[in-house]
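A, B, ... follow the sequence lines: proteins, then strands. Residue 1 opens every chain.
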There are 2 protein chains.
Amino acid sequence: MPWDLKSDRPIYIQLIEEIQLRIFSGEYPPGSKLPSVRDIAQEASVNPNTMQRALSKLEEDGLVITHRTSGRTITEDVEMIKRAKNKLAVQQIIAFIEKMQQMGFEKKETLALINKMLEEMEI
Amino acid sequence: MPWDLKSDRPIYIQLIEEIQLRIFSGEYPPGSKLPSVRDIAQEASVNPNTMQRALSKLEEDGLVITHRTSGRTITEDVEMIKRAKNKLAVQQIIAFIEKMQQMGFEKKETLALINKMLEEMEI
DNA sequence: ACTATTGTATTAAGGCCTTAATACAATAGT
DNA sequence: ACTATTGTATTAAGGCCTTAATACAATAGT
C-alpha cells in the first residue's frame, strides 16, 4: 500500500488518517505490531518526528498502544475500533451529502448519481 | 451564508472551494457581480491578500472574470459552469467511494448505508 | 475634471509544519 | 552483563501561509 501524501494539507494529519484507514480495513489487525517510528517513517518517506507526531495522536485516541521500549501495537479492543470506524463512516457520508447539497444537488439526485457511477465502476 | 473556515488546510484553498460551491449552487449567478476584494475579504474575515489569491485562481480557471477597475463578475458561460460542476461532483463521488472502500466498506454496503442515512435525515 | 473605488504589488513579521541532526532513557534479546 | 532497538526530546533551519501596512495605476461615476 502506497502512502500517497499530498501537499495541500499537513502531512501529520494525512498520516493519522491513513493509519486509521489501515486499522479500520484490517490491514493493521487488532493487537498487531506496528513498525518502529523510524521504519514506518521511512516507509512513508517522512521525517521520524512527523510520524511520531501522528502516532502520538493515534495513541491519544486509543487506537494505538505504546510500549516504551518494544514498540507500538494496535489496540485489541475490537469494539472500540468498530465504533471509531462507524463514526468516521457516518462523518464521511454526512460531509459528502452536505457538500453535494451545497453544490445544488438534491438528496435524490445525489443518490441517483452515485448509483449510476457505482454501476459504471463495476465494469 | 457563513464562511466557516477551518484551520487544518490553507485558507485560500478553502476560499476557492467555497466560492466555487456558491457559483455551482447559483448563489452567485452567471454574470453577477462579486463584492470587491476588500469587501468579500471582510465578509470572510480574512486578509484582502488572501482573498485576492483565491480570486486569482478562480479567474485562472475561467469561473470568474476580472474587470480592471470595476470589479469581478461570474462568467456568463453557463455550459462551462455546468461542466465544472459535474466534474467536481464526479470527483467528490469517486473520492467518497474510494475512502469508504479503503475503510473496508464494499460498494453495496456504502450504498446501503447512505440510503439509510438519507432516510433518517429526511425526518 | 475630480474623486472614490477597483484590482494589484511589495515588504516585513509571525506562525505552523517539516526536516535534519543529535542525544538520552529504558529494556528486550542475546 | 552487553548491545541493539525502542520511544522520546531538543534545537535550528527553511518553507509556505497569513496578516498587516502601504502604495500605485486605472477608471467608473459624479
>> Could you spell out the base pairing of DNA chain C as a dot-bracket line? Use Watson-Crick and G-U wobble contacts where both distances are under 3.5 Å, [ ] for crossing pairs, | for partners on a different strand.
In response: ||||||||||||||||||||||||||||||
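Interatomic distance, Lys107(B) NZ to Met117(A) CE, rounded to the nearest 0.5 Å: 9.5 Å.
If you measure from atom CD1 of Ile65(A) to atom P of dT6(D), you get 18 Å, rounded to the nearest angstrom. As rounded to whole Å, 16 Å separates atom C1' of dT5(D) from atom CG of Leu34(A). Between the CG atom of Leu15(A) and the P atom of dC17(C) there is a distance of 13 Å, given to the nearest Å. Between Lys57(A) atom NZ and dT8(D) atom P there is a gap of 15 Å when expressed in whole angstrom units. The distance from atom CG of Leu58(A) to atom C1' of dG7(D) is 15 Å, rounded to the nearest whole Å. The nearest whole Å value for the distance from the CD1 atom in Ile40(A) to the P atom in dG7(D) is 10 Å. Spacing between atom CZ of Arg53(B) and atom P of dC16(D) amounts to 10 Å, rounded to whole angstrom units. Computed from coordinates, the Ile13(A) CD1 to dC17(C) P distance equals 7 Å when rounded to whole Å.
Within 6.0 Å of atom CD in Glu59(A), more than 12 heavy atoms from other residues, nucleotides or ligands are found, so the atom counts as buried in its surroundings. Annotation for Lys82(A): atom NZ does not count as buried by contact number, only 12 or fewer foreign heavy atoms lying within 6.0 Å. Residue-environment remark: CD (Gln91(A)) exceeds the threshold of 12 foreign heavy atoms within 6.0 Å.
One finds a side-chain N or O of Arg72(B) lying less than 4.0 angstrom from the OP1 or OP2 phosphate oxygen of dT8(C). Side-chain nitrogen and oxygen atoms of Ser36(A) include at least one within less than 4.0 Å of the OP1 or OP2 phosphate oxygen of dT6(D). Taking side-chain N and O atoms only, Thr50(B) has no distance below 4.0 Å to OP1 or OP2 of dC17(D).
Side chain of Gln14(A) to backbone of Lys6(A): a donor-acceptor contact under 3.5 angstrom is found. In this structure, the side chain of Asp61(A) does not engage the main chain of Leu63(A) through any donor-acceptor pair within 3.5 Å. Using a distance-only test at 3.5 Å, with no hydrogens or angles considered, a donor-acceptor pair links the side chain of Thr75(B) to the main chain of Asp77(B).
A salt bridge is absent between Glu17(B) and Lys57(B): the closest approach of a Lys/Arg side-chain nitrogen to an acidic carboxylate oxygen does not fall below 4.0 angstrom. The pair Lys116(A)-Glu119(A) does not meet the salt-bridge criterion, since no charged nitrogen lies less than 4.0 angstrom from a carboxylate oxygen.
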> Could you write nucleotides 21-30 of chain D as a row of B, S and -, 5' to 3', where a protein heavy atom under 4.0 Å of any base atom gives B, of only sugar-phosphate atoms gives S, and otherwise -?
Replying inline: B-B-BBSS--
